[in-house]
Protein chains: 2
Amino acid sequence: MNFSIEQLQAFDAAAHTGSFSAAARRLGKAQSVISTAVANLEADLGVPLFDRSGRYPALTAEGKRLLLDARRIIEACANLQALSGEIAAGVEHRLTLAVDDTSHLPWLEPILGVFAERFPNVELELLFPLLDDQIAMLLSGRAQIGIGYEQTNAHKEIETRSIGMVRAPLFVAADHPLAAKKRVGRADLIKHRQIVITSRGGAPHHFDVLIASKVWRVEGDLAILELVKRGHGWAMLPEFLAEGPLGAGEIFRLQPDFIPELPVMRMEVLWHRPHAQGKAGIWLRDALIRRAAERN
Amino acid sequence: MNFSIEQLQAFDAAAHTGSFSAAARRLGKAQSVISTAVANLEADLGVPLFDRSGRYPALTAEGKRLLLDARRIIEACANLQALSGEIAAGVEHRLTLAVDDTSHLPWLEPILGVFAERFPNVELELLFPLLDDQIAMLLSGRAQIGIGYEQTNAHKEIETRSIGMVRAPLFVAADHPLAAKKRVGRADLIKHRQIVITSRGGAPHHFDVLIASKVWRVEGDLAILELVKRGHGWAMLPEFLAEGPLGAGEIFRLQPDFIPELPVMRMEVLWHRPHAQGKAGIWLRDALIRRAAERN
DNA sequence: ATATACCATCCAAAAAACAGATAGATGAAC
DNA sequence: GTTCATCTATCTGTTTTTTGGATGGTATAT
């Protein structure tokens with residue numbers, strides 16, 4: 001391993017521009033530097049890279065082949081450079097998100113896609129802890145950013161910011177008896193099974209609208225949606241989640257005549273102020289807030 | 001791109017051995033060289049790679065991450081080194097084989113596997129030209145090595161070496177009427193369709209044993225085998241090709257009572273003496289000859 | 001034929017790499 | 001607690017390499 005990165009860069013530039021002089025200009029060096037660099041590289045590798053018989057040096061067949069490998073090295077070096085630059089600038093190695101339910105994945109995914117482009121070297125970790133666990137994870141530093149519905153028992157060191165309101169209408173399966181009615185009254189709802197969200201810890205959800213007498217409690221909105229689709233009862237579901245099945249005609253949106261306004265839930269992003277955020281975390285936080293602002 | 005390969009090697013060695021002194025000994029340099037190399041690398045990257053608070057330097061988390069990329073660079077450099085060494089030693093970029101029939105692929109493949117390990121950077125090109133074309137390709141330099149059955153009209157500049165004898169018994173489908181007979185006579189064979197090899201140019205095969213009155217002429221032993229399997233007639237097939245289907249009970253080996261000895265074909269490797277062979281070509285040629293010698 | 005742009009080579013100056021020496025620090029052994 | 005071996009950072013003078021400018025020879029276009 002006698003050659004140097006500068007020699008490889010000279011090789012690459014010369015091959016790319018088609019002349020040693022042009023390569024020198026491009027690299028901001030003297031022509032003699034490129035000339036000797038290439039000559040030394042050839043001596044080190046034991047392979048002639050250019051045919052110098054003409055006015056312009058022409059890549060030999062071997063040179064063409066070796067150029068591929070040389071470029072790979074240069075690229076890997078640029079990569080190391082960029083990565084170390086990121087690290088030096090304070091981009092964290094890993095960012096852990098604590099999302100309070102897998103049901104948020106559909107709308108979250110596009111933002112994560114942009115994140116992946118912007119921070120390709122950051123390991124993204126996605127966890128879906130229950131409500132209380134989410135706060136605990138932020139406090140302990142296990143996760144840096146939380147995403148979920150507004151919580152009543154917020155910790156004073158946990159900072160929150162709204163990232164939008166979500167309406168939660170009532171849904172049943174398209175072939176459910178309730179779906180036949182244009183408008184439903186409280187009495188109708190009481191008669192059929194209601195499916196409500198629950199959490200492993202049993203902590204009461206702040207939006208606890210229990211109406212029916214027959215109840216199933218299910219952990220996670222995705223599971224609730226699945227049960228609703230199959231006709232096991234009616235449930236309150238966030239609009240963004242019901243959108244797809246509603247359009248596909250799998251579920252039906254009830255029109256209760258006794259609820260003046262639709263229940264609305266606040267979505268928020270949470271973080272622990274004492275834990276310093278890395279660049280990637282701050283970017284993601286801001287991206288979530290920005291998205292909410294843009295959608296008014 | 002300020003860092004050098006030596007610095008990366010020092011980084012790698014230090015991380016590997018766990019001490020700058022040990023790294024120096026391993027690389028055959030002074031300890032101060034490693035110390036300053038690592039320090040300069042850290043300054044260039046803007047990231048501390050080692051925690052020097054203890055007796056031995058300990059990789060930081062960032063160092064651990066960057067080490068992966070550094071190793072990739074070192075590896076790529078070693079690769080370039082190795083490849084250029086091969087090229088300098090006269091290993092050709094591409095080796096073209098002219099095999100006279102795809103039916104040789106089954107026995108040829110293992111040798112090509114060894115070849116791939118020995119010469120991973122050589123592009124292997126496999127062509128299956130007809131008899132006359134094979135010679136023409138060798139003469140023109142389009143192919144460097146030929147493999148096939150012995151030819152009568154050999155060119156004087158084409159060198160050949162035997163790589164074994166192949167017996168070619170007669171086969172029919174297992175459910176063919178002829179398969180019922182313990183021994184078959186010439187009259188039996190005449191009555192049923194014979195399938196013989198032919199070539200696009202129509203040049204006569206030197207082993208032209210036409211017996212039956214009903215004949216199909218087919219280009220390529222693999223196609224003949226397929227037709228025999230499906231009961232379209234009997235044919236002479238090289239033993240190595242018939243082995244599999246024979247074991248599987250798909251075809252049956254005829255016992256002619258009028259042929260004292262089995263027809264034997266000579267397999268040979270060919271090359272054009274005036275065209276200089278590269279290392280890989282010579283290796284493959286010798287491997288084929290060696291294989292024949294080992295099998296007597 | 002002339003002009004232009006190219007390359008290899010030479011040269012002196014600047015820069016970098018190097019080994020050895022030294023001093024301070026750490027951890028293991030006693 | 002002391003000793004001892006071994007570690008790292010840093011300094012130093014020397015050696016080696018790199019650098020840019022100048023020069024001369026050569027290929028191509030006008």
Side-chain angles (χ1 to χ4, degrees), chain A residues 1-60 62-64 66-67 70 73-74 77 81, chain B residues 1-60 62-64 66-67 70 73-74 77 81:
Chain A
M1 212 95 73
N2 232 344
F3 52 86
S4 72
I5 299 178
E6 273 96 22
Q7 285 171 357
L8 297 180
Q9 284 174 317
F11 175 30
D12 179 34
H16 192 266
T17 62
S19 107
F20 292 2
S21 301
R25 287 190 292 271
R26 162 195 279 243
L27 296 179
K29 312 207 169 193
Q31 171 260 323
S32 63
V33 172
I34 306 298
S35 185
T36 57
V38 172
N40 285 339
L41 183 60
E42 286 177 317
D44 288 336
L45 298 180
V47 178
L49 301 172
F50 291 96
D51 170 17
R52 295 163 170 78
S53 67
R55 178 177 175 73
Y56 291 89
L59 266 180
T60 60
E62 302 86 35
K64 215 172 282 183
L66 293 176
L67 180 59
I73 296 174
I74 295 172
C77 286
Q81 180 90 329
Chain B
M1 212 95 73
N2 231 345
F3 52 84
S4 71
I5 299 176
E6 273 96 22
Q7 286 171 356
L8 297 179
Q9 284 175 317
F11 175 30
D12 180 34
H16 193 266
T17 61
S19 108
F20 292 1
S21 300
R25 287 191 291 271
R26 162 194 278 244
L27 296 180
K29 312 207 170 194
Q31 171 261 325
S32 61
V33 172
I34 306 298
S35 185
T36 57
V38 172
N40 285 337
L41 183 59
E42 287 177 316
D44 288 336
L45 298 181
V47 178
L49 300 172
F50 291 96
D51 169 17
R52 296 164 169 78
S53 67
R55 178 174 174 73
Y56 290 88
L59 265 181
T60 60
E62 300 86 31
K64 215 172 282 181
L66 292 177
L67 179 59
I73 297 174
I74 295 172
C77 285
Q81 180 92 327

Fill in the blank from the handout: Note: A/C77 and B/M1 closest approach over all heavy atoms is CB-SD, 3.2 Å
Exercise for the section: Return the set of residues passing side-chain hydrogen bond (donor to acceptor under 3.5 Å, both in side chains) with B/E62 (not counting sequence neighbours), or none when no residue passes. Expected result: B/T60
Completion exercise
In this structure, OG1 of A/T36 is separated from CD of A/Q7 (nearest 0.5 Å) by 8.5 Å
Handout entry: With A/A30 via side-chain contact (heavy atoms from CB on, under 4.5 Å) - residues at least two apart
Key = A/S32, A/V33
Completion exercise
In numerical order, the residues of residues 13-27 of chain B whose heavy atoms come under 4.0 Å of DNA chain C are none
Handout entry: A/Q31 side chain to A/A24 backbone, donor-acceptor under 3.5 Å
Key = no
Practice task
Compute the centroid of each ring, for B/F3 and then for B/F11, and state whether the two points are separated by less than 6.0 Å.
Solution key: no
Completion exercise
In B/S/- notation (B base, S sugar-phosphate only, - none; protein heavy atoms under 4.0 Å), nucleotides 16-29 of chain C written 5' to 3' is --SBB-----BS--
Exercise for the section: Please list, chain by chain and in numerical order, all residues satisfying side-chain hydrogen bond (donor to acceptor under 3.5 Å, both in side chains) with B/R26, sequence neighbours excluded. Expected result: B/H16
Exercise for the section: Kindly state whether the ring of A/F50 and the ring of A/F20 have centres lying under 6.0 angstrom apart. Expected result: yes
Exercise for the section: Give a yes or no on whether the backbone of B/L49 and the side-chain of B/E42 come within a donor-acceptor separation of less than 3.5 Å. Expected result: yes
Practice task
Kindly give the heavy-atom pair with the smallest separation between B/L59 and B/L67, and that separation in Å.
Solution key: CD1-CD2, 3.9 Å
Handout entry: Residue pair B/I34 / B/A23: nearest heavy atoms and the distance that separates them
Key = CG2-CB, 4.1 Å
Practice task
Take atom CG of A/L41 and atom P of D/dT17, then tell me their distance rounded to the nearest Å.
Solution key: 16 Å
Write out a two-atom table: protein N or O, nucleotide N or O from nucleotides 12-15 of chain C, distance below 3.5 Å.
none

Handout entry: Integer-rounded Å distance: C/dC7 P and A/E42 CD
Key = 12 Å
Fill in the blank from the handout: When rounded to whole Å, the CG to P distance for the pair A/N2 and D/dT16 reads 15 Å
Problem - Value in whole Å for how far the P atom of D/dT18 lies from CD1 of A/I5 - result: 13 Å
Problem - Nucleotide C/dC7, atom P - distance to CG of A/D51 in whole Å - result: 13 Å
